[in-house]
Amino acid sequence: MNLLVTGGAGFIGSNFVHHWRGAHPGDRVVVLDALTYAGNRSSLPRDDDHFLFVHGDIRDAELVSKLLRENPISVLAHFAAESHVDRSIHSPETFLDTNVTGTLRLLEAARGYVASGGAPADFRFHHVSTDEVYGSLGPEDPAFEEATPYAPNSPYAASKAASDHLVRAWHHTYGLPVTVTNCSNNYGPFHFPEKLIPLMLVNILHARSLPVYGDGMNVRDWLYVTDHCRGIELAIRKGTPGEVYNIGGNNERPNIEIIRTLCSLIVEEFASDPELAARFPDCPAAKGSDPLTLVTHVTDRPGHDRRYAINAEKAKRELGYEPQESLASGLKKTVRWYLENEPWWKAVMDGSYQDWISSNYGEAR
Ligand code: NAD
Ligand code: DAU
């Protein structure tokens, strides 16, 4: 089988490529990625008989049609997006361009491919979306279900909601065989250090302040990225065209608790490996002090959603999906990965990364 993975050089896309190649070594994976600041060629394998990287934009309809036709593609797995809520608050237009227009162009290319008769009979367009389209929950509200009304609150969430509606409409109107997964917060390897968990890890190691938005009691439902990739694979293989599946981790935690856990894990790692203190001499753990002292409460994110939680019962019932990683084991693996892959995160923290950190958090950091 040939897959086209958009956004495959990003965090979840690259983990999905590694996961799929491990599970289906005979398949061929083509990645289409524009390599924005969030995309890294080094997160992916080298080109070979089973893997091809194409540097290009999902809005380039001609290129997408050519890739679908020439390979020929059975599954288009659509991950490409502008994905960072804070950046969407600073520059919303890019989010509309990529997330809405980009998805539209892919849908149109896929429709043309199917209509031409060149697509395999079991062709599938799988759209990767987010729980943020459902809005924000109160402390006692039930978790998001697939039928929960859409109420996106940030420019990012609004652009993802619009893209979900397009995917739904292309199925309803044109019969395009689509599936959609809406997932909670992922964490794990290859996560760009602008999002909460990798940002905190890198800052702890360098003794930089840990910027907590508001009171730190916003709740997210954390999912180890490989579990998300398994959920997407199940939706592609077993999902019914036209259906939506929520994927979650059953791990609701306030941000401050996640940060506390990361600090403790770093202290444990430094205690068991004396070389870490030599590699990261500024880290409080290298000097026997608690990295939690680095926490700084900063101005809250505008419109900050208070709580997300996913009800993944439908995916469990219909696809056999269940997360395998606990939060404790997933966070431990993640901490180890960042300690063992310093060259990866050092390389992505270039000049444009520093500019973003300054503009979002102020020059002081
Ligand atoms: P990411 O920002 O790490 O990666 C996005 C990738 O898309 C990058 O490689 C980037 O270069 C590429 N890209 C951006 N614009 C492009 C364009 N116009 N053409 C081609 N490629 C382009 O994002 P992520 O965290 O891996 O998220 C992947 C998908 O999963 C997104 O659709 C996101 O909305 C969704 N999602 C993310 C999470 C999460 O916790 N990160 C949770 C649920 C859903
Ligand atoms: O819920 C799924 C979504 O999760 C995905 O659709 C998005 O693509 C992904 O970026 C993520 O969005 P969040 O806004 O929840 O993730 P982020 O890592 O940016 O923030 C997680 C929480 O931590 C959130 O409540 C804001 C808070 N935060 C974040 C940063 C970067 C801080 O307190 N300080 C920070 O410096």
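Whatever order the structure lists ligands and atoms in, that order sets their numbers, starting from 1.
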From the candidates [options], the one that places a heavy atom nearest [atom]:
atom                    : options                       : answer
atom 22 (C) of ligand 2 : Asn182, Asn255, Asp86, Thr130 : Asn255
atom 19 (N) of ligand 1 : Thr101, Asn185, Ile58, Asn40  : Ile58
atom 23 (O) of ligand 1 : Cys183, Ser83, Ser43          : Ser83

Does [X] come within less than 4.0 angstrom of ligand 1, counting non-hydrogen atoms of the residue?
X      : value
Tyr156 : yes
Phe79  : yes
Ser184 : yes
Ser14  : no

Side-chain touch Leu176/Val114, heavy atoms, less than 4.5 angstrom =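 Yes, close enough: below the 4.5 Å cut-off.
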query = With side chains defined as the heavy atoms from C-beta onward, is the minimum distance between Arg21 and Phe16 less than 4.5 Å?
reply =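 No, every pair of side-chain atoms sits at 4.5 Å or beyond.
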ask   = Side chain or backbone of Ile12 under 4.0 Å from ligand 1, or both, or neither, by non-hydrogen atoms?
value =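 The answer is both, backbone and side chain.
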key: Val85: numbered ligand 2 atoms lying under 4.0 Å from its heavy atoms   =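 Listed by number with element: 14 (O).
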ask   = Which part of Val298 is near ligand 2, with near meaning a heavy atom under 4.0 Å away: side chain, backbone, both or neither?
value =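 For Val298, no heavy atom sits under 4.0 Å from ligand 2.
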key: Lys195 contact mode with ligand 2 (heavy-atom cut-off under 4.0 Å)   =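 Looking at Lys195 and ligand 2, atoms from backbone and side chain both fall under 4.0 Å.
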query = Can you tell me if Asp86 and Tyr213 form a side-chain donor-acceptor pair at under 3.5 Å?
reply =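 On atom types as modelled, these side chains qualify, holding a pair under 3.5 Å.
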Spatial distance of atom NZ (Lys195) from atom CG (Leu199) [nearest 0.5 Å] =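 If we round to the nearest 0.5 Å, Lys195:NZ and Leu199:CG are 11.5 Å apart.
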message = I need the nearest protein heavy-atom contact for atom 21 (C) of ligand 2: residue, atom name and distance, please.
response =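 Closest protein heavy atom to atom 21 (C) of ligand 2: Leu196 CB, 3.8 Å.
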message = Return the closest protein heavy atom for atom 26 (C) of ligand 2 as residue, atom name and distance.
response =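 It is His304 NE2, 3.4 Å.
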ask   = Non-hydrogen atoms of Lys160 versus ligand 2: any pair closer than 4.0 Å?
value =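 For ligand 2, residue contact (heavy atoms, under 4.0 Å) with Lys160 is absent.
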